[in-house]
There are 2 protein chains.
Amino acid sequence: MPEAAAASAAGTVRARRAQYDVARLLAVAVEVFIERGYDGTSMEDLARATGISKSSIYHHVESKEQLLRLALERALDALFAITSEEGAKTARAIDRLQYVIGRVVEVLGAELPYVTVLLRVRGNTETERWALERRRQFDRFVRAIVIEAAADGGVREDLRPALVERLVLGMINSITEWYRPGRVEVGELKETVVAMVMGGLGGTP
Amino acid sequence: MPEAAAASAAGTVRARRAQYDVARLLAVAVEVFIERGYDGTSMEDLARATGISKSSIYHHVESKEQLLRLALERALDALFAITSEEGAKTARAIDRLQYVIGRVVEVLGAELPYVTVLLRVRGNTETERWALERRRQFDRFVRAIVIEAAADGGVREDLRPALVERLVLGMINSITEWYRPGRVEVGELKETVVAMVMGGLGGTP
DNA sequence: GTCTATAATCAGATAGAC
DNA sequence: GTCTATCTGATTATAGAC
């Protein structure tokens with residue numbers, strides 16, 4: 001039930017500060033994780049950022065690590081959804097590659113904070129290692145397309161597919177280091193990335 | 001004085017475990033920082049990795065943060081050295097860009113662990129904020145060349161120079177996420193990056 | 001240059017009231 | 001759903017011996 005409806009149902013019409021649920025808590029926590037790093041964030045930091053006490057946070061989640069897990073799941077689910085989209089099944093590998101690259105940029109724009117947290121995970125805990133493994137799985141999905149595109153002749157053959165995959169995904173992933181929605185449209189970002197990957201700086205517009 | 005020479009001078013010829021100095025300690029510490037993240041690394045972790053006790057570490061450095069500072073200084077010095085090299089002063093902006101991109105890849109290969117630590121700094125302490133600011137300074141140096149190259153007509157004009165600079169440096173910086181010397185030569189890496197930036201995947205070899 | 005022992009502080013998590 | 005108070009263990013750093 002939405003907060004407003006809940007308030008009405010309870011007969012309390014007066015305005016009040018929205019209370020926390022897991023989703024809202026997660027949104028705030030993820031921002032702090034990004035700013036200070038997961039390990040650099042204490043529950044006290046989260047309490048300050050949310051405006052509620054540490055023990056109130058524990059009412060919503062079992063642990064700090066659970067907040068991380070929720071963020072990682074959200075990011076990974078969004079990325080893996082791409083693999084079953086129609087565009088990722090186009091006939092020509094080079095077209096699939098272009099589609100997937102564009103979609104990754106879009107997902108990154110749509111789920112920016114969650115993907116940012118995912119990309120910074122180092123594997124210190126079981127949760128982190130699980131996320132790293134799933135992420136590698138996604139990387140392999142992209143690498144397979146690059147290899148196929150190279151075999152098709154869609155990609156120059158003097159470049160190692162494994163290097164290309166890592167550099168292309170690295171370029172895209174680096175977007176989380178600076179991108180903030182608003183100043184640049186995701187559409188322009190996507191077009192720029194696709195243009196650079198396909199044609200480089202000197203390519204024809 | 002090198003350890004062996006020191007041992008000779010002291011008249012002790014027998015083999016012995018090399019003792020630590022700041023440089024060796026730093027090298028080990030940086031590896032742990034990379035594996036577990038700086039905040040995720042405790043002095044106990046460093047004691048385990050070095051094989052000496054926590055208090056022995058404090059004999060060499062004042063604090064954990066000083067180890068970080070030493071690593072950051074080394075990385076930044078190596079990067080800034082590029083800005084005063086001859087090749088960074090070539091007449092055509094597009095040539096300067098190509099030179100600098102190649103050199104950044106080389107520096108990254110030569111100082112990999114230190115640059116890796118630099119790229120992961122988030123700004124939690126005064127030291128980290130100082131490093132972030134110097135890093136931004138270097139980014140601006142690259143951005144200025146991209147802007148000039150765009151004005152020269154060396155770079156397609158429909159792409160925002162600021163986006164191009166971020167994506168290119170992002171691609172290069174992402175190398176620290178996976179590169180380990182040995183399996184791929186720095187030379188091939190450099191050629192691949194330059195080729196992709198200049199001509200994209202479809203460019204002529 | 002290295003050690004053991006310990007001080008002082010901080011972090012993650014819980015108890016129990018409102 | 002939120003609070004204050006508190007437990008427990010980890011963490012950074014120091015003291016002082018060898």
Side-chain angles (χ1 to χ4, degrees), chain A residues 1-7 9-12 14-29 32-33 35-71 124-128, chain B residues 1-7 9-12 14-29 32-33 36-70 124-128:
Chain A
M1 197 188 295
E3 283 152 18
T12 46
R14 75 189 181 321
R16 57 170 193 186
R17 237 243 315 267
Q19 288 183 320
Y20 274 95
D21 56 17
V22 181
R24 236 170 76 76
L25 173 60
L26 179 62
V28 176
V32 185
F33 289 165
E35 194 178 311
R36 308 186 54 78
Y38 174 73
D39 285 317
T41 301
S42 69
M43 293 302 282
E44 190 55 49
D45 289 331
L46 295 183
R48 237 192 317 275
T50 54
I52 63 179
S53 67
K54 281 194 288 179
S55 41
S56 295
I57 295 174
Y58 281 104
H59 175 79
H60 298 286
V61 292
E62 284 184 345
S63 62
K64 182 176 131 178
E65 191 175 354
Q66 188 179 38
L67 282 167
L68 178 63
R69 189 160 54 247
L70 290 169
N124 287 351
T125 63
E126 203 44 60
T127 301
E128 296 191 23
Chain B
M1 198 187 293
E3 283 151 18
T12 47
R14 75 187 182 319
R16 57 171 194 185
R17 238 245 313 268
Q19 287 183 322
Y20 274 95
D21 57 16
V22 181
R24 237 170 76 75
L25 172 61
L26 179 62
V28 176
V32 185
F33 289 165
R36 310 186 51 79
Y38 174 73
D39 286 315
T41 302
S42 70
M43 293 303 280
E44 190 55 48
D45 290 330
L46 294 183
R48 239 192 318 275
T50 53
I52 62 179
S53 67
K54 283 191 288 178
S55 40
S56 294
I57 294 174
Y58 280 105
H59 175 79
H60 297 287
V61 293
E62 285 184 344
S63 62
K64 181 175 130 178
E65 190 175 355
Q66 187 180 37
L67 282 167
L68 178 63
R69 188 161 54 247
L70 290 169
N124 288 351
T125 64
E126 202 44 59
T127 300
E128 296 191 23

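In this text, all values refer to a predicted model and were calculated from it rather than measured experimentally. Lettering of chains follows the sequences in order, A, B, ..., and the numbering in each one begins at 1.
Of the residues in residues 60-70 of chain B, those lying under 4.0 Å from DNA chain D by heavy-atom distance are Ser63(B), Lys64(B).
In terms of heavy atoms, Lys64(B) sits closest to Thr41(B) at NZ-O, 2.6 Å.
In this structure, the CE atom of Met43(B) is 13 Å from the P atom of dT2(C), given to the nearest Å. Atom pair Lys54(A):NZ and dT6(D):P shows a separation of 13 Å (rounding to whole Å applied). For the pair Gln19(B) CD and dG1(C) C1', the interatomic distance rounds to 5 Å; values are reported in whole Å. One can place CD of Glu44(B) at 20 Å from P of dC10(C), the figure rounded to the nearest angstrom. Atom C1' of nucleotide dA15(D) and atom NE2 of His59(B) are separated by 15 Å, given to the nearest angstrom. Put simply, CZ on Arg48(B) is 12 Å from P on dT12(D), counting in whole angstrom units. Rounded to whole Å, the distance from CG on Asp39(B) to P on dA11(C) is 11 Å. If you measure from atom CD1 of Ile57(B) to atom P of dT4(C), you get 13 Å, rounded to the nearest angstrom.
You'll find the side chain of Ile52(B) stays beyond 4.5 Å of the side chain of Gln19(B), heavy atoms only.
Taking CG from Leu46(A) and OG from Ser56(A), the interatomic distance works out to 12.5 Å, rounded to the nearest 0.5 Å. Between the OG atom of Ser53(A) and the NE2 atom of His59(A) there is a distance of 11.0 Å, given to the nearest 0.5 Å.
The side chain of Ser55(B) approaches dT4(C) more closely than any other nucleotide in the set dA13(D), dT4(C), dT14(C).
Of the side-chain N and O atoms in Tyr58(B), one or more sit less than 4.0 angstrom from OP1 or OP2 of dA13(D).
When atom types are taken as modelled, the side chain of Tyr38(B) and the backbone of Gly40(A) share no donor-acceptor pair closer than 3.5 angstrom. Listed for the Tyr20(A) side chain is a donor-acceptor partner under 3.5 Å among the backbone atoms of Thr50(A).
As judged by a 4.0 angstrom heavy-atom cut-off over every strand, Ser56(B) is placed among the base-contacting residues.
Side-chain N/O atoms of Ser53(A) and base N/O atoms of dT4(D) include no donor-acceptor pair closer than 3.5 Å.
The pair Arg24(B)-Asp21(B) does not count as a salt bridge, with every side-chain nitrogen at least 4.0 angstrom from each carboxylate oxygen.
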